Protein chains: 2
Amino acid sequence: MNLPPLVQTFVLHFGEMGSRWGINRTVGQIYALLFLSKEPLNAEDIVERLGVSRSNVSMGLKELQAWNLVRLQHKPGDRRDYFATPEDIWQIVRTLVEERKKREIDPTMTLLREVLMQEPASVDERHAQERMREMHDLFELLTGWYADVQRLDTERLVQLLTLGSKVQKILEMKDRLFVVPGSKKSRRDATKDK
Amino acid sequence: MNLPPLVQTFVLHFGEMGSRWGINRTVGQIYALLFLSKEPLNAEDIVERLGVSRSNVSMGLKELQAWNLVRLQHKPGDRRDYFATPEDIWQIVRTLVEERKKREIDPTMTLLREVLMQEPASVDERHAQERMREMHDLFELLTGWYADVQRLDTERLVQLLTLGSKVQKILEMKDRLFVVPGSKKSRRDATKDK
DNA sequence: CACATATTTCAGAAATTTCTGAAATTTCAG
DNA sequence: CTGAAATTTCAGAAATTTCTGAAATATGTG
């Protein structure tokens with residue numbers, strides 16, 4: 001591995017972290033390297049710096065492209081493929097969430113919906129279905145929230161996140177100002193709309 | 001594998017999903033089984049239902065305990081250990097986020113802080129450090145947000161999530177009502193407090 | 001279209017992870 | 001304290017994943 005010390009530390013760490021994320025070491029390292037790199041890199045650059053085989057890099061880049069996590073670029077008068085991560089780190093987060101949702105949540109939701117259609121054949125199955133419905137509703141709430149805030153531009157999103165639960169205070173204030181006194185329970189529950 | 005069809009479908013799915021989460025198949029299956037089960041199960045129950053070895057179940061349960069994802073219980077006059085997931089699915093989510101943060105985010109933050117202390121030795125290292133600082137600030141914002149909303153009781157948390165970005169509307173309203181006209185830029189930036 | 005260069009594919013080697021059965025250890029009732 | 005039951009540990013087998021080098025394929029230039 002042929003990297004400046006600061007970069008190497010990060011690349012190695014990310015490689016290890018990858019394992020905890022169901023991503024393999026090399027893919028993690030390639031991504032870390034691209035993320036830190038000022039200039040786009042071609043496959044051969046990556047081979048040299050990480051000291052892994054050319055074919056391994058090829059497969060790793062293919063995987064990262066499947067995840068939409070790297071952009072393919074070209075330099076004039078050079079027909080090699082160059083790769084880079086988006087400049088905007090928020091774009092990376094958005095893609096990551098989007099893709100994980102697509103691969104992990106969506107198939108689970110499909111399965112849950114199917115299973116929830118079935119008629120339970122025993123008391124155990126009935127209870128199991130209730131649990132699955134809880135999970136289904138939870139996922140729906142979370143993905144609904146995400147679908148919603150994901151549409152905000154980054155500045156507003158940051159504003160919202162910075163605020164954190166202080167929003168709560170504002171909500172209370174709003175309630176105090178605008179809700180007709182006496183109609184105490186006007187909230188919606190977890191299993192709503194979408 | 002000896003399970004009612006509905007349960008089996010879910011357990012198998014969760015086993016596969018586990019792989020994408022850096023958790024092994026058996027651990028995923030054990031968790032799914034416990035999650036759906038009305039009654040706490042002992043290790044032997046799990047062995048029978050999943051058709052895996054006793055030792056594998058033992059290791060899987062140990063791992064789930066290390067994650068704080070299962071509770072150990074006892075029945076009177078029975079000295080076997082019984083296992084169950086929390087009744088409250090929100091408690092499960094909270095634990096999951098907490099533990100993943102502890103294992104994935106915290107070590108990364110430590111490493112980032114260390115690396116950001118170093119003096120960059122080249123223009124490449126300087127750029128790499130800038131990228132790492134972006135990541136550091138992003139994580140800080142996200143974990144700060146989580147630390148904050150995590151303190152809300154579930155009802156308020158659900159309320160907040162249900163609202164999604166509609167909060168934005170309320171914020172705008174608040175701004176219009178309370179901000180002195182003319183002091184246009186009174187927002188805080190992403191790298192604040194904590 | 002031929003040729004050099006770049007990239008991908010893929011079979012098998014290497015490494016890692018998962019799983020098992022047997023043995024060791026712990027726990028507790030009598 | 002003894003012994004049966006429950007649980008854990010662990011070495012190696014089995015399965016899976018990762019990685020490589022060689023071959024195949026694709027791409028663009030002259």
Side-chain angles (χ1 to χ4, degrees), chain A residues 1-2 11-12 14-34 39-67 70-84 103, chain B residues 1-2 11-12 14-34 39-67 70-84 103:
Chain A
M1 192 170 281
N2 182 16
V11 165
L12 290 175
F14 237 73
E16 298 315 319
M17 271 317 172
S19 322
R20 300 199 179 169
W21 263 64
I23 222 175
N24 80 45
R25 189 163 1 106
T26 306
V27 173
Q29 291 183 354
I30 294 174
Y31 195 76
L33 181 61
L34 292 176
E39 299 298 322
L41 301 179
N42 64 45
E44 203 52 51
D45 292 335
I46 298 171
V47 167
E48 280 164 29
R49 295 181 204 208
L50 297 183
V52 297
S53 74
R54 183 55 234 273
S55 51
N56 197 359
V57 168
S58 176
M59 291 188 303
L61 287 170
K62 226 182 67 177
E63 172 141 14
L64 288 172
Q65 282 178 284
W67 277 81
V70 294
R71 274 161 216 305
L72 180 58
Q73 299 182 11
H74 284 101
K75 298 199 175 188
D78 182 342
R79 63 198 181 81
R80 288 170 296 179
D81 294 338
Y82 282 79
F83 298 89
R103 282 152 217 254
Chain B
M1 191 171 283
N2 182 18
V11 165
L12 289 176
F14 237 73
E16 299 314 320
M17 271 318 170
S19 321
R20 299 199 181 174
W21 263 65
I23 221 174
N24 80 46
R25 190 169 353 111
T26 306
V27 173
Q29 290 183 355
I30 294 174
Y31 195 76
L33 182 60
L34 292 176
E39 299 298 323
L41 301 179
N42 64 45
E44 203 52 53
D45 294 334
I46 299 172
V47 167
E48 280 165 26
R49 295 181 206 206
L50 297 184
V52 296
S53 75
R54 183 54 234 274
S55 51
N56 197 0
V57 169
S58 176
M59 292 188 301
L61 287 169
K62 225 182 64 174
E63 172 142 12
L64 288 171
Q65 283 177 285
W67 277 82
V70 294
R71 275 164 213 304
L72 179 58
Q73 298 183 10
H74 284 101
K75 299 199 174 186
D78 183 341
R79 63 195 182 82
R80 288 170 294 179
D81 294 338
Y82 283 78
F83 298 88
R103 282 151 217 255

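Please read these numbers as outputs of a predicted model, since none were measured by experiment.
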Would you kindly give the [atom1]-to-[atom2] distance between [X] and [N], to the nearest whole Å?
| X | N | atom1 | atom2 | value |
| --- | --- | --- | --- | --- |
| B/L50 | C/dT20 | CG | C1' | 15 Å |
| B/R20 | D/dT17 | CZ | C1' | 15 Å |
| B/R80 | D/dA4 | CZ | P | 18 Å |
| B/Q73 | D/dT7 | CD | P | 14 Å |
| B/I46 | C/dT20 | CD1 | C1' | 17 Å |
| A/L72 | C/dA6 | CG | P | 15 Å |
| A/M59 | C/dA6 | CE | C1' | 17 Å |
| B/N56 | D/dA11 | CG | P | 17 Å |

Name the nucleic acid region contacted by [X], choosing base, sugar-phosphate or nothing; use a 4.0 angstrom heavy-atom cut-off, strictly under.
| X | value |
| --- | --- |
| A/N42 | nothing |
| A/R79 | base |
| B/N24 | sugar-phosphate |

Just name whichever nucleotide pairs with C/dG30, Watson-Crick or G-U, keeping both distances under 3.5 Å, else none.
->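 Because both required distances fall under 3.5 Å, C/dG30 counts as paired with D/dC1.
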Rounded to the nearest 0.5 Å, what's the gap from CE on A/M1 to CZ on A/R49? Could you check?
->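 Output value for this atom pair is 12.0 Å.
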Roughly how far, to the nearest 0.5 Å, is CZ of B/R20 from CE of B/M17?
->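 B/M17 CE to B/R20 CZ: 4.5 Å, rounded to 0.5 Å.
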Where each residue is assigned the nucleotide of DNA chain D containing its nearest heavy atom, which of A/V52 and A/H74 is assigned the position nearer the 5′ end?
->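 It is A/V52, whose closest nucleotide lies nearer the 5' terminus.
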Side chain of A/S55 (C-beta onward), nearest among D/dC19, C/dC19, D/dT20 |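 So the side chain of A/S55 is nearest to D/dT20.
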Output the single nucleotide from C/dT9, C/dC19, D/dT7 whose closest atom is nearest the side chain of B/D81.
->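 In terms of side-chain proximity for B/D81, the closest of C/dT9, C/dC19, D/dT7 is D/dT7.
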Within less than 4.0 Å of OP1 or OP2 of [N], is there a side-chain N or O belonging to [X]?
| X | N | answer |
| --- | --- | --- |
| A/K62 | C/dT7 | no |
| B/R54 | D/dT7 | yes |
| A/S58 | C/dT8 | yes |
| A/T26 | D/dT18 | no |

Starting at the 5' end of DNA chain C and moving along, which residue's nearest nucleotide shows up first, A/Q65 or A/R25?
->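 Closest to the 5' end, via its nearest nucleotide, is A/Q65.
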Of B/G51 and A/A43, the one whose closest DNA chain C nucleotide lies more 5' |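 Closest to the 5' end, via its nearest nucleotide, is A/A43.
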Which is it for B/N42 and B/D45 under the side chain to side chain contact (heavy atoms under 4.5 Å, CB included) test, yes or no, and what are the steps along the way?
-> CA-CA 5 Å; B/N42 64 45; B/D45 294 334; 3.3 Å; yes
Could you point out which residue of A/K75, A/H74, A/Q73 forms a side-chain hydrogen bond (donor to acceptor under 3.5 Å, both in side chains) with A/D81?
->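 One option only clears the test, and that one is A/H74.
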Under the side chain to side chain contact (heavy atoms under 4.5 Å, CB included) criterion, do A/E39 and A/Y82 qualify, and how do the steps go?
-> CA-CA 9 Å; A/E39 299 298 322; A/Y82 282 79; over 6 Å; no
Test A/I46 against A/L34 for side chain to side chain contact (heavy atoms under 4.5 Å, CB included), laying out the working first.
-> CA-CA 9 Å; A/I46 298 171; A/L34 292 176; 4.3 Å; yes
